[in-house]
**Student:** 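Before we start, here is the structure in question, set down as structure tokens.
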Amino acid sequence: MLSNIVTNEKQDIGLISCIRIVRLGEEEAEMDKQGKRCRRRVVLVPCPFQGHINPMLQLGTILHSKGFSVTIIHTQFNSPNPSSHPELIFLPIPDDLSDQEIASGNLVVLISALSDKCKKPFQECLLQMIVRQDSDDEIACIIDDELMHFSEAVASQMKLPSMILRTISAATFISRVVLLQIQEGGSIPFPDAISLDPVPELSSLRFKDLPISKFGLTNNYLQLISHTCDIKTASAVIWNTMDCLEEPLLAKQQEKQFPIPIFKIGPIHKFAPALSSSLLNEETSCITWLDKQIPNSVLYISLGSVASIDETELAEMACGLANSKQPFLWVIRPGSIHGSEWIELLPEGFIGTTKQQGHIVKWAPQREVLAHPAVGVFWSHCGWNSTLESISEGVPMICRPCFGDQRVTARYASHVWRIGLQLENKLERQEIESTIRRLMVDEEGEGIRLRAKDLKENVEICFRKGGSSYNSLNKLVEFMSVAQINTARDVR
């Protein structure tokens with residue numbers, strides 16, 4: 001599954017990276033001679049999965065527009081496309097992942113392997129950067145994805161300031177803490193009998209909504225989330241969320257993490273130019289198809305870059321869509337259906353029957369799709385990026401989480417913010433048809449659409465000039481002066 005989005009073949013790139021660093025240094029020195037102003041340098045370390053790469057590269061473009069030089073140090077696995085972000089510098093490091101590790105589809109195993117295998121090459125890459133830097137080009141700080149915790153350890157060893165980027169909701173973060181507390185109390189695995197009971201520390205969630213890996217509550221998974229919850233040496237936390245969604249939860253976290261500041265700058269994608277960071281080729285033909293549809297009439301379906309379904313679930317989805325009689329744009333990622341390359345396992349006759357009703361693509365430019373006036377509802381896996389993009393455009397959601405943080409987000413979207421309906425049970429065509437019609441045709445959907453529109457307006461207030469996210473971004477840029485970051489480190 002994950003091998004579908006591996007973009008570079010394995011090779012020994014350590015020497016190539018070092019040569020490239022030196023050449024980049026020479027090029028920038030020449031630019032300075034020509035009168036270009038020097039910029040403070042920031043090093044970003046993304047986790048190599050779509051939902052983590054997107055916000056990190058968006059943050060990079062934002063910081064570049066604020067006067068920083070930005071270097072992306074990334075793994076060879078799922079390497080981003082540098083040509084999509086010519087203003088940023090990309091430096092690959094070897095990760096030595098085996099074909100078996102990649103093919104396993106186990107994100108926890110992959111991330112753990114990256115932590116073990118990338119620490120040394122990451123350190124060597126930083127050393128090469130430091131060797132060629134001058135006083136006008138010093139590294140101001142390292143910003144790492146919370147899952148790439150090895151980079152915080154390296155930054156600390158090298159006496160470099162670091163910050164953490166959280167690409168999840170505050171609710172998900174707190175629910176991870178709850179999981180660890182349950183583990184410490186000896187209650188993992190917890191019995192099925194309490195799955196529908198509310199979580200005492202987070203009453204909006206039930207036990208079944210806690211962010212459990214699709215491989216279960218393994219020791220590796222619990223160790224991984226333990227790393228994400230433990231801020232050892234970071235000077236600050238950057239969070240892709242906003243006050244209008246999670247102010248009480250964020251205030252609680254700020255209280256616990258004081259004096260380390262939290263910068264809530266979500267939705268990050270609204271501050272960044274609409275450049276693609278996709279690891280898959282986007283089919284823009286779907287926009288032409290959407291142009292021919294009635295406003296708010298189309299159901300957009302996309303289950304993200306990692307989730308998969310089986311043949312039975314595919315059949316139920318297809319029949320439910322066809323029976324709803326609503327126009328649909330369906331993203332079916334190659335390899336996302338067990339035992340199928342693409343759409344071979346769709347029910348016989350489905351393509352012909354729905355030819356006038358729907359359009360199927362392998363991957364779509366999601367931000368553009370959700371902003372299109374024809375899109376009325378988003379059937380989503382409830383990844384945090386997808387949810388923020390949907391909220392930002394005022395598009396109601398059909399929530400079908402698969403694992404991890406998607407469970408938390410789906411519960412909040414459907415029962416706290418009340419901007420969607422959740423498919424909780426085994427997928428069945430009758431329930432799918434009913435849910436689609438409840439949102440898109442019935443009176444019940446009107447209230448949900450109104451709440452989604454109101455939430456969109458609140459989000460716009462956050463990122464407009466003077467809003468909480470706008471102000472937080474400006475404070476982040478101010479904080480990222482070497483003096484302020486170092487002061488924060490001294491306080492720690």
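Values below: every heavy atom of this structure, side chains too, minus hydrogens, waters and symmetry copies. Residues take their numbers from the sequence shown, with the count starting at 1.
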**Student:** Is atom CD of E283 surrounded by more than 12 heavy atoms (other residues, nucleotides or ligands) closer than 6.0 Å?
**Tutor:** yes

**Student:** Would you say that more than 12 heavy atoms from the other residues, nucleotides or ligands in this model lie under 6.0 Å from the CD of E443, or not?
**Tutor:**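 No, the 6.0 Å shell around CD holds no more than 12 heavy atoms from other groups.
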
**Student:** So does K252 pair up with E201, basic N to acidic O under 4.0 Å?
**Tutor:**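 No salt bridge links K252 with E201.
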
**Student:** Decide side chain to side chain contact (heavy atoms under 4.5 Å, CB included) for M163 and D144; before the verdict, give the C-alpha distance in whole Å, the side-chain angles of both, and the deciding distance to 0.1 Å.
**Tutor:** CA-CA 6 Å; M163 293 189 281; D144 55 90; over 6 Å; no

**Student:** Under 4.0 Å between a side-chain nitrogen and a carboxylate oxygen: does that hold for D454 and K456?
**Tutor:**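 Looking at K456 together with D454, the answer is no, because their closest N to O distance does not fall below 4.0 Å.
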
**Student:** Strictly below 4.0 Å, N to O, side chains only: are K264 and E247 in salt-bridge contact?
**Tutor:**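 Judged by the 4.0 Å cut-off on N to carboxylate O distance, K264 and E247 do not form a salt bridge.
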
**Student:** Do the ring planes of F150 and F122 sit parallel (below 30°), tilted (30 to 60°) or perpendicular (above 60°)?
**Tutor:**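 Ring orientation, 0 to 90° scale: perpendicular.
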
**Student:** So, does S175 use its side chain to make a donor-acceptor pair with the main chain of T172 at under 3.5 Å?
**Tutor:**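 Answer holds: yes.
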
**Student:** Quick one: sort the F271 and Y470 rings into parallel, tilted or perpendicular, breaks at 30° and 60°.
**Tutor:** tilted

**Student:** Carefully, step by step, assess D310 and I337 under the rule side chain to side chain contact (heavy atoms under 4.5 Å, CB included).
**Tutor:** CA-CA 5 Å; D310 60 30; I337 302 164; over 6 Å; no

**Student:** Test side-chain hydrogen bond (donor to acceptor under 3.5 Å, both in side chains) on T233 and E152 and set out the steps.
**Tutor:** CA-CA 7 Å; T233 58; E152 183 187 347; 3.2 Å; yes

**Student:** Let me see the working for R400 and S380 under side-chain hydrogen bond (donor to acceptor under 3.5 Å, both in side chains), right down to the final yes or no.
**Tutor:** CA-CA 6 Å; R400 179 62 179 182; S380 172; over 6 Å; no

**Student:** Is the shortest distance from a Lys or Arg side-chain nitrogen in E433 or R438 to a carboxylate oxygen in the other one below 4.0 Å?
**Tutor:** no

**Student:** When you check the gap from the basic side-chain N to the acidic O, do K453 and E393 get nearer than 4.0 Å?
**Tutor:** no

**Student:** Please confirm whether the ring centroid of Y221 lies under 6.0 Å from the ring centroid of F215.
**Tutor:** no

**Student:** Taking atom types as modelled and ignoring hydrogens, do the side chains of E478 and N474 form a donor-acceptor contact shorter than 3.5 angstrom?
**Tutor:**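 The criterion, which ignores hydrogens and geometry beyond distance, is not satisfied for N474 and E478.
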
**Student:** Taking atom CG of D291 as the centre, does the number of heavy atoms from other residues, nucleotides or ligands within less than 6.0 Å exceed 12?
**Tutor:**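 Atom CG in D291 is crowded, with more than 12 foreign heavy atoms closer than 6.0 Å.
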
**Student:** Measure centre to centre between the rings of Y300 and F328, then say whether the value is under 6.0 Å.
**Tutor:**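 Centroid distance Y300-F328: not below 6.0 Å, so no.
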
**Student:** What residue among L329, I436, V375 forms side-chain contact (heavy atoms from CB on, under 4.5 Å) with L299?
**Tutor:** I436

**Student:** Taking CZ in R418 as the centre, count heavy atoms belonging to other residues, nucleotides or ligands within less than 6.0 Å. Is the count above 12?
**Tutor:** no

**Student:** Salt bridge or not for E389 and R367, using N-O below 4.0 Å?
**Tutor:**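 No salt bridge links E389 with R367.
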
**Student:** Report yes if the side chains of I93 and Q76 come closer than 4.5 Å at any heavy-atom pair, otherwise no.
**Tutor:**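 Heavy-atom side-chain distance check fails, nothing below 4.5 Å.
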
**Student:** Does one side chain, of S83 or N81, offer a donor that lies under 3.5 Å from an acceptor on the other?
**Tutor:** yes

